[in-house]
Amino acid sequence: MGAIWDGASNLLLELLKFLYGITNSYGLAIILLTVLVRLALYPLNQKQMVSMQQMQRIQPRLKVLQEKYANDREKMQRETMALYKEYKVNPAAGCLPILLQLPILILLFNILREYDFADTTFLGVYLGSSFTSGLAKALGVAASAEGEYSILSILSAIPGNPAGLANFGLYIGNLFLIIAISVLTLVQQKMSGGNNPQMATMNAIMPFFMAFICLSMPGGVMLYWGLSSLIGVAQQYMVIRKTSEEMAVKPNLYKNKPTLQHDDDDDEEDEDE
């Protein structure tokens with residue numbers, strides 16, 4: 001298994017070097033690599049997004065079924081399967097593509113994180129260093145023995161050398177990418193969660209969580225992640241639009257919430273008496 005993993009890693013690394021040889025730009029090489037990976041994963045991503053969107057669309061009707069057959073689980077399962085069949089929905093279809101994509105994403109992340117981009121920049125983004133290290137250099141903060149920078153030491157250095165912040169060329173490009181990734185994360189969360197109130201907390205937390213992770217992430221990794229997220233948002237928008245059109249022409253199964261009839265029948269019998 002280790003040999004397969006190393007072989008796949010070397011293959012992606014050679015592809016990155018090949019693209020650099022064509023473009024003579026590491027930034028453009030990463031962009032092309034991102035596009036190629038997204039194209040290779042397109043069928044899996046498409047299947048996952050369609051499945052998630054369809055499941056989200058039929059959630060109100062599933063809830064009606066659960067209420068209607070709360071005391072008859074066998075009947076509820078049969079009706080639920082009938083609803084899945086009607087809309088050609090597979091609840092498990094959204095999980096498998098994610099599992100298949102993870103090894104590729106991990107490989108790319110490791111390659112871009114460990115690759116020696118030195119001080120190479122692309123549109124102001126330092127591909128080999130992070131926002132944290134760039135800000136530390138601007139403020140004159142020394143790295144630790146392991147070559148790392150502490151966020152606390154950087155924050156404590158600002159009052160002593162506020163003029164260092166003027167060296168924004170060392171970190172502004174990476175900061176812009178962090179903001180862009182956070183915004184794209186918020187958009188993806190909103191598109192995936194829809195109007196589900198249970199997702200509200202997650203939607204609010206995830207952008208800040210991603211921003212925190214990106215603080216120490218090399219610019220090359222963020223460039224890949226940001227572009228991949230942007231392509232993902234565009235693809236997800238198209239899926240939502242297409243799925244909405246398809247679902248609109250489907251019959252409105254279980255659209256109206258069922259009412260309890262026995263109470264009304266008892267009242268009518270009392271009136272007849």
Side-chain angles (χ1 to χ4, degrees), residues 27 30-31 33-35 37-39 41-42 44-60 91 93-95 97-102 104-106 108-110 112-113 122-127 129-135 151 154-155 165 168 171-245 247:
I30 293 174
I31 290 174
L33 181 62
T34 305
V35 173
V37 171
R38 292 294 307 195
L39 286 175
L41 297 177
Y42 176 83
L44 294 175
N45 285 323
Q46 186 74 3
K47 187 174 182 180
Q48 173 195 351
M49 291 179 181
V50 169
S51 178
M52 291 177 61
Q53 187 64 22
Q54 289 176 333
M55 284 296 298
Q56 183 176 323
R57 291 287 179 179
I58 66 173
Q59 281 303 312
C95 300
I98 296 177
L99 295 177
L100 294 176
Q101 293 176 60
L102 278 177
I104 299 176
L105 297 179
I106 293 173
L108 280 172
F109 179 83
N110 289 336
L112 293 176
R113 183 182 61 182
F122 179 74
L123 299 179
V125 177
Y126 280 83
L127 301 179
S129 59
S130 65
F131 165 77
T132 301
S133 61
L135 184 58
I151 295 179
I154 293 174
L155 292 176
L165 295 175
F168 56 83
Y171 62 86
I172 194 67
N174 294 60
L175 177 61
F176 174 78
L177 266 183
I178 292 176
I179 296 173
I181 290 174
S182 300
V183 172
L184 288 170
T185 300
L186 177 61
V187 173
Q188 286 181 311
Q189 290 294 118
K190 289 286 188 179
M191 295 174 75
S192 300
N195 297 321
N196 188 350
Q198 297 177 348
M199 295 293 294
T201 303
M202 183 64 69
N203 293 340
I205 293 176
M206 278 303 294
F208 295 100
F209 178 70
M210 284 303 304
F212 178 76
I213 292 177
C214 288
L215 289 176
S216 57
M217 192 177 289
V221 177
M222 289 198 296
L223 180 60
Y224 162 78
W225 188 253
L227 180 58
S228 182
S229 298
L230 179 61
I231 296 173
V233 166
Q235 184 179 358
Q236 193 167 358
Y237 171 78
M238 297 302 296
V239 168
I240 292 175
R241 183 176 178 181
K242 182 178 179 181
T243 305
S244 299
E245 294 174 353
M247 299 290 280

Partners of [X] by side-chain contact (heavy atoms from CB on, under 4.5 Å), sequence neighbours excluded?
X: Ala180; answer: none
X: Phe208; answer: none
X: Ser228; answer: Thr34, Arg38, Tyr224
X: Leu184; answer: Ser229, Leu230, Val233

Exercise. Who are the ring pair (Phe, Tyr, Trp, His ring centres under 6.0 Å) partners of Phe131, not counting sequence neighbours?
Worked result: Tyr171
Nearest 0.5 Å, what's the [atom1]-[atom2] distance between [X] and [Y]?
X: Ile178; Y: Thr132; atom1: CD1; atom2: OG1; result: 7.0 Å
X: Ile30; Y: Leu112; atom1: CD1; atom2: CG; result: 5.5 Å
X: Thr185; Y: Ile181; atom1: OG1; atom2: CD1; result: 7.0 Å
X: Trp225; Y: Met210; atom1: CH2; atom2: CE; result: 5.5 Å

Compare all side-chain heavy atoms of [X] with those of [Y] and state whether any distance is below 4.5 angstrom.
X: Asn45; Y: Gln235; value: yes
X: Phe122; Y: Ile31; value: yes
X: Leu223; Y: Val125; value: no

Problem set entry | Crowding at CZ, Phe176 (>12 non-hydrogen neighbours, <6.0 Å) |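 Open.
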Closest non-hydrogen atom pair, [X] against [Y]:
X: Leu186; Y: Pro207; answer: CB-CG, 3.6 Å
X: Val37; Y: Leu108; answer: CG2-CD1, 3.4 Å
X: Met222; Y: Asn174; answer: CE-O, 3.6 Å

For this session: Please name the residue in the list Leu155, Leu215, Leu165, Ile172 that meets the side chain to side chain contact (heavy atoms under 4.5 Å, CB included) test with Leu135.
Result: Leu165
Problem set entry | Test side chain to side chain donor-acceptor pair (under 3.5 Å) applied to Ser133 - qualifying residues, sequence neighbours left out |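 Listed in chain order: Ser130.
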